[in-house]
Visitor: 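This structure is in structure tokens; I'll ask about it shortly.
We name chains A, B, ... by the order of the sequence lines, and we start the count at 1 in each one.
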Amino acid sequence: MSEQNRTENTDRRDFLKVSAGMAGLAVAPGVLLYGISAHGRAPDEPASAKVRWGMLIDTSKCADGCDECTTACASENGLSGATGPQDSQWIRKMHIKNLQTGAEHNVPMLCQHCENPPCVDVCPTGASMKRADGIVLVDRHICIGCRYCMMACPYKARSFVHEPLAEQNPEVPRGKGCVESCTFCVQRVDRDETPACVEACNKDGHMAIQFGDLNDPDSAIAKAMKAYATTEVRADLGLNTGVRYQGI
Amino acid sequence: MASLRDKLRALALIGALAGLAMAPAMAGQATPAKGKGDKCVEDTDYMRRNHMELLKHHRDKTMHQGIRTTRHSLKGCVECHASAKTGSVAASKDDFCAACHAYAAVKVDCWDCHATKPKAAQAAVPGLSALQSGGQTQ
Ligand code: SF4
Ligand code: SF4
């Protein structure tokens with residue numbers, strides 16, 4: 001559906017390409033519902049498709065040398081925080097440089113919570129799934145650890161747990177043999193809190209990450225996306241990501 | 001004076017009780033530690049046979065729909081049944097889950113991913129605890 005709205009740029013290999021264009025307009029598909037808030041959903045109420053959770057990251061506010069978001073993610077979700085090839089990383093702080101202009105940016109990369117997620121498409125078991133409110137998750141009860149989704153994800157957002165784990169956060173069960181990725185801190189979102197990285201970034205005064213309901217025109221994130229040009233990384237793939245960037 | 005019939009009945013009762021007490025002991029069953037609360041979220045007999053169904057049903061609802069009632073959540077089981085000794089439901093053979101599962105020779109892989117101990121100083125979730133005490137059946 002974002003097909004006509006996307007700026008066409010045919011160089012598919014150009015990762016992290018800026019293709020701001022009109023993609024922002026297509027981010028909230030379906031009916032826009034006014035006056036219905038996602039917030040304060042009762043524990044017995046299922047997640048609703050009226051809501052689409054999303055994130056807006058302003059790369060110009062993402063500070064050099066800061067690791068608040070990655071550290072907060074690790075402690076919330078029980079990750080080791082190590083960044084070796086076999087360590088789980090749900091959010092990675094990347095540094096990119098435009099070789100032509102010399103412009104440099106800090107870009108926190110995480111699961112983009114695609115509206116049309118390739119990970120879900122390829123998963124042979126149904127373990128990779130998208131919740132009604134747009135949060136993409138792995139149901140570890142079903143995951144067989146084939147890692148097909150890791151190969152399908154264009155953002156390298158997923159990690160595989162190679163070793164047995166112990167002392168997990170009771171709210172974030174995770175273990176050997178399953179693939180995992182950013183959950184938007186679904187356990188926090190379900191009790192009306194923001195993801196740990198957002199909280200940490202704001203607490204530290206950077207305010208580089210906003211989180212909210214893209215379907216709610218009154219939410220700060222929807223207003224920001226209406227006011228400013230935002231970028232969908234690899235917009236050419238037509239995934240309609242829930243994570244958008246400003247400043248790249 | 002008690003009749004012979006009464007005596008026999010009493011004897012039979014004692015025998016049955018002894019049998020009940022002996023059988024698990026002989027098979028090496030540890031008595032599962034008592035939970036923290038007065039009673040379980042469902043009758044003990046029902047829980048013995050059906051806890052796995054409740055947990056499976058609840059896990060799918062939580063995972064796929066984001067329903068987070070606490071009555072039948074595994075986290076709730078762990079919070080109540082973690083033993084005083086190890087603080088866990090499965091760290092030693094006497095802990096709540098481990099004790100019965102060893103006796104029944106049923107291997108579970110819940111603990112590969114799920115924490116066997118409650119979160120040390122977990123902040124109370126107002127909505128959730130209110131719902132739990134209200135006895136919401138989910
Ligand atoms: S970013 Fe990757 S893991 Fe996340 S929804 Fe998209 S394809 Fe799946
Ligand atoms: S690793 Fe798990 S989630 Fe990924 S494709 Fe295989 S079964 Fe699905």
Side-chain angles (χ1 to χ4, degrees), chain A residues 38-49 51 53 75-78 88 120 126-145 161 163-180 183-193, chain B residues 52-53 55-82 86-92 95 97 108-138:
Chain A
H39 318 300
R41 177 163 65 85
D44 61 342
E45 203 183 313
S48 154
V51 177
W53 294 115
S75 72
E76 170 68 25
N77 296 301
S88 281
V120 174
S128 282
M129 45 152 267
K130 188 176 62 149
R131 232 168 64 151
D133 56 5
I135 300 181
V136 176
L137 299 169
V138 176
D139 183 347
R140 292 174 175 81
H141 305 106
I142 308 175
C143 175
I144 54 171
V161 180
E163 300 292 340
L165 300 174
E167 306 281 327
Q168 292 91 333
N169 174 353
E171 287 190 317
V172 188
R174 45 188 300 264
K176 178 180 160 184
C178 292
V179 164
E180 56 184 22
T183 65
F184 269 168
C185 287
V186 68
Q187 70 282 3
R188 295 167 60 98
V189 172
D190 280 348
R191 54 172 190 246
D192 220 10
E193 290 173 21
Chain B
M52 65 298 269
E53 298 299 335
L55 286 170
K56 193 172 172 203
H57 184 68
H58 191 273
R59 114 192 166 186
D60 288 344
K61 289 200 138 185
T62 303
M63 197 54 240
H64 293 259
Q65 295 179 277
I67 289 174
R68 291 191 183 262
T69 51
T70 48
R71 188 179 176 116
H72 294 153
S73 86
L74 184 63
K75 209 169 88 185
C77 302
V78 171
E79 267 156 29
C80 203
H81 286 290
T86 63
S88 158
V89 291
S92 88
D95 288 346
C97 299
V108 292
D109 53 11
C110 305
W111 316 120
D112 290 358
C113 288
H114 286 276
T116 67
K117 296 177 178 177
K119 198 173 187 174
Q122 194 152 3
V125 184
L128 292 183
S129 48
L131 200 80
Q132 185 177 33
S133 51
Q136 175 73 32
T137 50
Q138 266 304 335

Visitor: Look up atom CG in Asp109(B) and atom CZ in Arg140(A), then write down how far apart they are to the nearest 0.5 Å.
Guide: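 Here the interatomic distance stands at 13.5 Å.
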
Visitor: Rounded at 0.5 Å granularity, tell me how far NZ in Lys75(B) sits from CD in Gln187(A).
Guide: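 If I round to the nearest 0.5 Å, the distance is 9.0 Å.
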
Visitor: Within the 4.5 Å heavy-atom criterion, are His64(B) and Arg131(A) side-chain neighbours or not?
Guide: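 His64(B) does not reach Arg131(A) side chain to side chain.
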
Visitor: Answer whether the closest heavy-atom distance between the side chains of Asp112(B) and Lys176(A) falls below 4.5 Å.
Guide: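 Answer no - side chains too far apart.
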
Visitor: Give a yes or no on whether the backbone of Arg191(A) and the side-chain of Arg68(B) come within a donor-acceptor separation of less than 3.5 Å.
Guide: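 The answer is no, because no donor-acceptor pair under 3.5 Å joins these two groups.
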
Visitor: What is the distance from atom OG1 of Thr62(B) to atom CG of Asp139(A), rounded to the nearest 0.5 Å?
Guide: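 If we round to the nearest 0.5 Å, Thr62(B):OG1 and Asp139(A):CG are 10.5 Å apart.
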
Visitor: Taking side chain as everything from C-beta outward and backbone as N, CA, C, O, which of these in Ile135(A) sits under 4.5 Å from a heavy atom of chain B? Side chain, backbone, both or neither.
Guide: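 Contact with chain B involves no heavy atom of Ile135(A) at all.
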
Visitor: Side-chain contact, heavy-atom cut-off 4.5 Å: Lys56(B) with His141(A)?
Guide: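 Lys56(B) does not reach His141(A) side chain to side chain.
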
Visitor: Might you point out which heavy atoms bring Gly66(B) and Arg41(A) nearest each other, and give the distance in Å?
Guide: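 Scanning both residues, the minimum pair turns out to be O-NH1, 3.1 Å.
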
Visitor: Tell me, side chain or backbone of Glu45(A) under 4.5 Å from chain B's heavy atoms, or both, or neither?
Guide: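 For Glu45(A), backbone heavy atoms alone lie under 4.5 Å from chain B.
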
Visitor: Out of Pro46(A), Ser48(A), Ala132(A), which one racks up the most heavy-atom pairs below 4.5 Å with chain B?
Guide: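 Among the listed options, the one with the most contacts to chain B is Pro46(A).
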
Visitor: Of all heavy-atom pairs between Pro170(A) and Ala115(B), which one has the smallest distance, and what is that distance?
Guide: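 Shortest heavy-atom contact: CA-CB, 3.8 Å.
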
Visitor: Using only atom types and a distance under 3.5 Å, with no angle test, would you say the side chain of Gln168(A) pairs donor to acceptor with the backbone of Cys113(B)?
Guide: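 Present.
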
